[in-house]
Engineer: 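I'd like to ask you about the structure that follows.
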Amino acid sequence: MIHHNPFVSLSLSLSVGDITQKGYEKKRGKLLAPYIPQIQDLHTEAVQAALAKYKERKMPMPSKRRSVLVQSSVEACTPPDTSSASEDEGSLRRQGRIASSSPYQAHPSVEHWFNRVIQGSSTSSSASSTSSHPGGRPHHATNATSASAATVLADLMAHTQLDNHSAPPDVTGLSERSVHAERPQVASMRGLPRRYTHTSIMETADGVPVNSRVSSKIQQLLNTLKRPKRPPLREFFVDDFEELLDVQHPDPNQPKPEGGEMRPLSGEPLGVVTNWPPSLMASLQRWGTTQPKSPCLTALDNAGKPVYTLTYGKLWTRSQKLSYTLLNKLSTRNEPLLRPGDRVALVFPNNDPVMFMVAFYGCLLAELVPVPIEVPLTRKDAGSQQVGFLLGSCGVTLALTTDACQKGLPKAQTGEVVTFKGWPRLLWFVTDGKHVVKPPKDWHPPIRDTSNEIAYIEYKTSKEGSTMGITVSHSAMLAHCHALTQACGYTEGEIITNVLDFKRDAGLWHGVLTSVMNRMHVISIPYSLMKVNPLSWIQKVHTYKARVAVVKSRDMHWSLLAQRDQRDISLSSLRMLIVADGANPWSISSCDAFLNVFQARGLRPEVICPCASSSEAMTVAIRRPPEMGVPPPGKAVLSMSGLSYGVIRVDTEEKLSVLTVQDVGQVMPGALVCVIQVEGTPYLCRMDEVGEICMSSNSTGISYYGLPGMTKNVFETIPVTSSGAPISDRPFTRTSLLGFIGPDNLVFVVGKMDGLMVVSGRRHNADDVVATALAVEPMKFVYRGRIAVFSVSVLHDERIVVVAEQRPDGSEEDSFQWMSRVLQAIDSIHQVGVYCLALVPANTLPKAPLGGIHITETKQRFLEGALHPCNVLMCPHTCVTNLPKPRQKQPGTGESCVCVCVGWLLFLLNLFLYMQDVLQWRAQATPDHPLFLLLNAKGTVANTASCVQLHKRAERVAVALMERGRLNTGDHVALVYPPGIDLIATFYGCLYAGCVPVTVRPPHPQNLTTTLPTVKMIVEVTLISECRTCCLPWPSFTSQSTETLAHPCDQSVLFNKSYVLLYVISRLCFKKKCNLGLSYISAYQHILGSPVYLTVVLLKFLRNVNLSCVRTCMVVAEERPRNTLTQSFSKIFKDLGLSSRAVSTTFGCRVNVAICLQGTAGPDPTTVYLDMRALRHDRVRLVERGSPHSLPLMESGKILPGVKVIIANTETKGPLGDSHLGEIWVSSPHNATGYYTVYGEEALHADHFSTRLSFGDTQTVWARTGYLGFLRRTELTDASGERHDALYVVGSLDETLELRGMRYHPIDIETSVIRSHKSIAECAVFTWTNLLVVVVELEGSEQEALDLVALVTNVVLEEHYLIVGVVVVVDPGVIPINSRGEKQRMHLRDGFLADQLDPIYVAYNM
C-alpha cells in the first residue's frame, strides 16, 4: 500500500517549476496549520486590523548614491539574541503566534493578511501607507521610474486622511481654507547617480517650465501641502515682541478620573520565625558549618554541562579566605589598603556565578561594600564612562575579578589593565585560589546582627543615561529575603533555576541572597548558553526537577522557537515560574503562548507568577503560588486612549487601540503601597487613575549614593490626600512603575517612568510602541527584533523616535515599506505621530551588558549625529503642532518718528569737479608722495607709484587710446587686469581721455569654460564695440577660442559692479594730506580657519613685521558684518602691533559703493543684540548679551560725508522709525545713476536709483540699496563732538525668506545648521514654493549623510520655529560662492531643480 505524502509532492512541484516559491510557502503553511498551536494575541490582531484600514498604494522608492547603500558587515550566521528595546529587557513582539522566522511562518491566516489587497481609508496623522502588492510582489521603483514616482507620491498623499488630532501648522501661508484636503504622510529620499540623464519636463506653480525630476517631486508635495486636511491654526498678527508657541489646550472631551480617592494597600504581615538567623552572614555561617556538603550553586558551560557545583561549606571557607586576604594582605606603605565600610568593585563575567558569589560574600564578611558592575570590554563601551563616574563618586580603589577575566581586559603597553575613560585608577585583584591565603585558626570574621550600615550598592542607569548607585542596608537586605521567602513559599533544599543576571535585580535577590537564606540549590544558566540553546533552562528544570524558575518573558519567547526539537520534556516539577519582567506589555503574550505550548508537558497555568520590581524599591508585588490560597489571576483590556490621559477605561468595543495587561500579584509582605500623581505634589490618585506606585517597607533601598537631593525626592516621598494631609508618618519610595490597584487588591503595571514619553500632554510608553512596531511583519524585517524607542525634546515638546536594526538581506524597498507600515500602525493604535524613524545596519546599535539595546547611548548617538542610519524617515509636519501662529500682515500707515541720518560734507572737495583733476593737482603739489605699493607673491616690492608717476602713466595711456585706439569721448573701454597699479593707471588714463572705463576680472586660465563667457557677457552688456581697444596685458585669446567657449549670457548678472573705491580714498587722503594709512582687505568666511594654527604660522613668518602704523583695516564685500571674523583677525595680529580699533567694516552696494565706513574720527564700533523673534516681524528689539534668541550685530560704520540715509518700508515706501527694520535708502552726490543695460522689463528696475517716499519728505530722490537695516542714534560722540549715528545692516532684501508670514534671513538659519554637526562644512538655504530647502556640504564620510537629516531638522525647529521641507546633502564645494565670498543661493536653487548637484542624499520631510 502506497502512502501519499503531500509534502513530497509539494517539494517536487517547486523543483520542477510548477509553482513559485511564494505559492510553495503558502501551501506548506496550510498543510502545517493543524499542527501549529493556535495562540491568539489581541495586540497583533489589532495591528493587523489597523493596517487593513489602509488602502494599498504604490510608494515612491528612495534612492541614494551607491556608496551610501553600503552597509556595515554582519556575521553571516548568528544565534538567536535576546533582542532588547531597553537596557535589560528583550524586545519581543506582543503576539503569541509562532515567530515567522520559523519554518511555520507561512501560517494561512498570517499569509492571507500579509498578501491581500488592503482596503479602506487611512486614519493616520503621522503614517504613510504602503503594503505588499497582491501576490506578495512589492512595488519596485528604480531610478528609471523615479519621475513617475513623484506622481505616485502625490496620489498617495492625496488619499491619506487625518482625524482626531490637533491641527498642524499651515506651512504654505495660504489663506484658503478647505474642509477636506490632502496632507503628506511619507518622506521619500533620493540621491542621483552621477550619469543619470533622464528628466521630465513639467511646470511649476507659477507656470514656468522646469526640466527637473526634483522639482516634480517637490511640486507634488507642495500640492498636498496647499490643501490642509482640516482648518489649520487660527492666524493672527503677533503685535508684541514675544512670539508665543501655540499652547496645546486640553481636549474638553478627554476622559477624566471619576472614582474616589484610593486607599493605601497593605501586604500581609511579615511572619516571625524563631529559627531565622539575625543576618545573612549568620545564615551563611550556619549552613557552611552544619550543611557543608549541601549544594549551593551549579555553574554550566556554554554546552549546558555542569562545570562546578559550589557547596555551602566551600562558599563559607572560600569567602573567609577572601575576607581575610582583603583586610590583612593588601597594603600600601604599610597601611591597609581597605578598611571596613570601603567600597569595592566586583567585575565578573556573566558565565562565572561561583566566583562572583564568593567575592560578594567575602566582601560582606570583611564588612566591605561590594559594587557589582559589568565587565568593560573596550574603552568605548556604551555607558562605561557613567559607570566610571559612579566608581569615582563611591571612592572605589580596588576591583575584584577572576584570572580569566583579568587576562581578557584591554592592557596598556606596561601590561597593566588600561584606565577606562572616566574611570578612577583601580588596583585589580584576582580572587582565584592561588591569590588568597588561608586565615589563621584564631581569626574569625565578625558576624554581627543586621544594621542600617550599607551592605551593597546596585547600579542603575537613569532615563537620561546617568549611572547611579542604590545603597541597600544590611537590615533591608535581610528584610527583603524574609519577604521573598514568605511570598514565594521557599523551603530549605529547594532547587531554583536562574536565567537572570546574578549581579543585580531579581537574579541577585533570588539567586544569590534569598537562596543562601533558605539553603537552596541554584542552577545558574549563563546568557551565552541561552544564545546557543534557548531551551536550556527548560531542560535544566526537567533534569534537576527544579521547583522554581526565575526567567524573563524573552526567555519564554525564545524557548518557543526551539520547543519543537524536544519531545521528552516535563515541567510538572515546577511550582512557581517567576516572570521577573511581568510588568512589560509583551509579557502577557509570552506567558499565554508559553502556557499554550507547554501545558501539554506538565506546566500548570497557576504556576506562572509575574512580578513587578524596581532597583529602588526592589520587589514591589508578586503573584503568589497556588498553594497559598490567593485570588485567581486577573487581566484587563484597557483603552490605550484612556491610558494616554492617565485614566483607566475598560474597552470592550473597539479592539484596535487597547492594551491587555496582566496583574503582577499582591503587595509584598510587610509593605504599604499607594499610587500617587506622576508630577507635582504627591497626591493620592483616584481609583480609576494611573499614577506612580510608591512603597513603604523595611526592604527597599535607602538612597542614591552621594546624591542627597535625588534621594530625598525618591526615597523620602510623603504621599498626601486631596486635603493635603499625609497618609502616613513613614516615608515612601518611588518605584518608577506606573500602574493602579485593581479588583481583589491585585497590582497592575502599565508602564515605567523611564519609558514614559509625554507628547502634547498625552502619555505614551516606549515598550508599548516597541510592541506595536514588532507586530508589523514580525521577524521578517527587523534584525532579531532589535528596536529602540525614545523621545527627544524639540520645540518644547517631546518627539518620538524609533530606531530599528534591519536584517542584512533587507532591500531598500522592504525597508521603506516596513517604515511606512510602522507609522500607520503606531498612529492607529496609539494616536500619536512618530517624529523620526531610522533604520541602522544589523549589529550596529550600542549594546547593554546582556546584549540588549543600550537606549540612552542610542539616544545620545542620535542627538550627536553618530548613529549612521541607512534609512531615515522624518515626519515633522505631522508631529509638530505647536509652531507659533503664522503672521498676518496688516496694512500700515507709516511711522510718526522718522530716523534720517546725514554725513557731514567736506566743502573743500568742491574745489575740484572731476577725479582726474585731483590727481593732476596732487602731481604738482606733492609729486613724490607714494600712493601705491604692489607686492608680489614673495612679499617683495614689485611696483610702486607716486603721485607724479601715476599721473604720467595715465597720460601715456590716454595718448595711446586717442591716437592708436582712435577712441572718442564717451567710448567704453574694458580693462581686463588683475588688481594692481596697472589697473589704476589705466583707469585714470581712460578718465584723461574722456573714455568710460569698464573694469573686468580676467578669466581664470585654469577655468576658461566658466570665466571667459562672463568677460564676453560684460563686453556685450556694456556695448564695447571693438576688442582691440581693450587693454590686455594678460594672455590674449584668439577670436576662435572666444567663439568656441561662448554660450548664452547669465541672465542674473545685470551689470558689472566696479570695485574702484578711489573716490572715497582720495577724499580721505586729501583731507589728511598724509601717508595713506588705509588698507583694504576682502575677507571671506573661510580666510581664517583655525585661529590658533594661523597665529603660530603667521607669527613665525612675520616676526619682523610691525602693524602699529595701520590706522584703518576695512573689511569689504560683507553684507552683514561678522563679529567673529573681525575679532579673530584682530586677535591673530595683535602681537604684531595691529590695534583692535583699526579693524572695522564698511558698507556699500551697487547703487552707492561707499555709504559708510568706520574711520578714526568716530567712536569705537558698537555691537547690539537683537531679538531674532522680533526681527522676523521686521521689528528691532534690543536685548542683553547672552539672552535667548539673541543675534549680535555690529554697526557698519559712520555715514560718509554728503550721504543721507533713511529706513523705508519695502511695501508702502513710507519712512520708518528706529524700532523697525526696513530697506536702507540712500541719497548722495555719488549715487550711481542707473543700469547701462537692462535685460527684461526696465520698469522693474526704474526705482532702484530714483525713488521717493510715499509721504513725509516726498521731494528728495533716493536710491534703494536692496538691503534691510536700521538706524540708531547712539550716546557716543565723534571727534567733532556730534552725536554718532550708527547704521546696522541685517541682510539682503532679495535673499530673505518669506515663510509663515515672517521674514527670515538665510545667514541666521545657515549659522544654526553649520553649528549642528561637526561634519557640515557649509550650508545654504532657499525656498521653493513655500518649502524650506537646506543644502549642507558634508565634510566627512558619506555614511554620515543621513545623520544630518534629523540634526538639521531639529536645530531649525528649535531656533527658528520652521519645518525643513527638504534636506540635501552634497559634496564639499557644491554650494557656489562668488569671488567676493558670497553664496550664490539662487544659482544653487537652479542647480537643485535641474538635478545638477549630484547629491549624496535628499530627504523629503513629510
Side-chain angles (χ1 to χ4, degrees), residues 62-70 143 146 150 187-199 210-218 221 812 865 867-874 1007 1010 1084-1086 1295 1297 1306-1307 1309-1328 1331-1356 1364-1378 1381-1405:
S63 60
K64 6 177 180 177
R65 192 179 288 176
R66 287 185 178 275
S67 53
V68 188
L69 297 175
V70 179
N143 282 342
S146 292
S188 81
M189 295 78 67
R190 56 168 292 281
L192 300 179
R194 293 184 182 274
R195 292 183 295 275
Y196 194 89
T197 57
H198 176 72
T199 56
V210 178
N211 191 20
S212 164
R213 289 192 306 118
V214 178
S215 58
S216 64
K217 282 191 174 182
I218 301 177
L221 173 60
E812 290 284 303
L867 199 58
H868 306 328
C870 51
N871 269 306
V872 171
L873 199 57
M874 300 284 297
N1007 193 14
T1010 31
Y1084 306 145
Q1085 186 169 4
H1086 298 295
E1295 292 192 339
L1297 311 176
I1307 188 173
I1309 301 176
E1310 292 160 359
T1311 302
S1312 300
V1313 170
I1314 291 174
R1315 197 173 55 241
S1316 66
H1317 194 275
K1318 61 182 179 181
S1319 295
I1320 298 180
E1322 187 56 274
C1323 169
V1325 302
F1326 54 85
T1327 55
W1328 169 241
L1331 282 180
L1332 178 63
V1333 182
V1334 178
V1335 181
V1336 293
E1337 290 183 353
L1338 174 62
E1339 194 174 50
S1341 169
E1342 288 186 352
Q1343 303 303 321
E1344 297 179 349
L1346 279 75
D1347 286 312
L1348 307 182
V1349 177
L1351 295 184
V1352 168
T1353 307
N1354 290 354
V1355 73
V1356 176
V1364 178
V1366 186
V1367 180
V1368 187
V1369 184
V1370 296
D1371 295 311
V1374 171
I1375 298 176
I1377 295 178
N1378 64 10
E1382 297 161 348
K1383 297 172 189 173
Q1384 303 296 287
R1385 298 180 181 93
M1386 292 302 101
H1387 288 212
L1388 178 68
R1389 178 176 178 267
D1390 296 338
F1392 171 68
L1393 299 177
D1395 286 340
Q1396 297 172 353
L1397 300 186
D1398 183 24
I1400 301 172
Y1401 196 79
V1402 181
Y1404 298 96
N1405 291 344

Engineer: Ignoring hydrogens and angles, tell me if any N or O in the side chain of E1339 forms a donor-acceptor pair with the backbone of P1372 under 3.5 Å.
Structural biologist: no

Engineer: Provide the closest heavy-atom pair for E1322 versus I1377 in the form atom of the first, atom of the second, distance.
Structural biologist: OE2-CD1, 4.5 Å

Engineer: Holding to side chain to side chain contact (heavy atoms under 4.5 Å, CB included), I want the full list of residues that pass it with Q1384, two or more places apart in sequence or in another chain.
Structural biologist: P1376, N1378, E1382, H1387

Engineer: Are the side chains of V1334 and T1353 in contact, using a 4.5 Å heavy-atom criterion?
Structural biologist: no

Engineer: Are any of the side-chain heavy atoms of F1392 and V1366 separated by less than 4.5 Å?
Structural biologist: yes

Engineer: S1319: what forms a side chain to side chain contact (heavy atoms under 4.5 Å, CB included) with it, not counting sequence neighbours?
Structural biologist: H1317, L1338, E1344

Engineer: Using modelled atom types only, decide if a donor and an acceptor are shared between the side chain of R1389 and the backbone of T1327 within a distance under 3.5 Å.
Structural biologist: yes

Engineer: Which pair of non-hydrogen atoms, one from G1365 and one from L1331, has the smallest distance, and what is that distance?
Structural biologist: CA-CD2, 4.2 Å

Engineer: Using a strict 4.0 Å threshold on nitrogen-to-oxygen distance, state whether K1383 and E1295 make a salt bridge.
Structural biologist: no

Engineer: Indicate yes or no: at least one non-hydrogen side-chain atom of L1388 is less than 4.5 angstrom from one of L1397.
Structural biologist: yes

Engineer: Please name the pair of heavy atoms, one in V1374 and one in V1370, separated by the smallest distance, quoted to 0.1 Å.
Structural biologist: CB-CG2, 3.8 Å

Engineer: Between P1306 and L1297, which heavy-atom pair has the shortest distance, and what is it?
Structural biologist: CG-CG, 4.3 Å

Engineer: Find out whether P869 and D1347 are in side-chain contact, i.e. whether some heavy atom of one side chain is under 4.5 Å from a heavy atom of the other.
Structural biologist: yes

Engineer: If I compare all heavy atoms of I1314 with all of C1323, which pair ends up nearest, and what's the gap?
Structural biologist: CG1-CB, 3.8 Å

Engineer: For the residue pair V1352 and I1320, establish whether any side-chain heavy-atom pair is separated by less than 4.5 Å.
Structural biologist: yes

Engineer: Please test V1364 against V1349 for side-chain contact (heavy atoms from CB on, under 4.5 Å), starting from the C-alpha separation and ending with a verdict.
Structural biologist: CA-CA 10 Å; V1364 178; V1349 177; over 6 Å; no

Engineer: To the nearest 0.5 Å, what is the distance between CD1 (I1309) and CZ (F1326)?
Structural biologist: 12.0 Å

Engineer: To the nearest 0.5 Å, what is the distance between CD1 (I1400) and CD (Q1343)?
Structural biologist: 10.0 Å

Engineer: What closest approach, in Å, do E1310 and V1325 show between heavy atoms, and which atom pair accounts for it?
Structural biologist: OE2-N, 3.1 Å

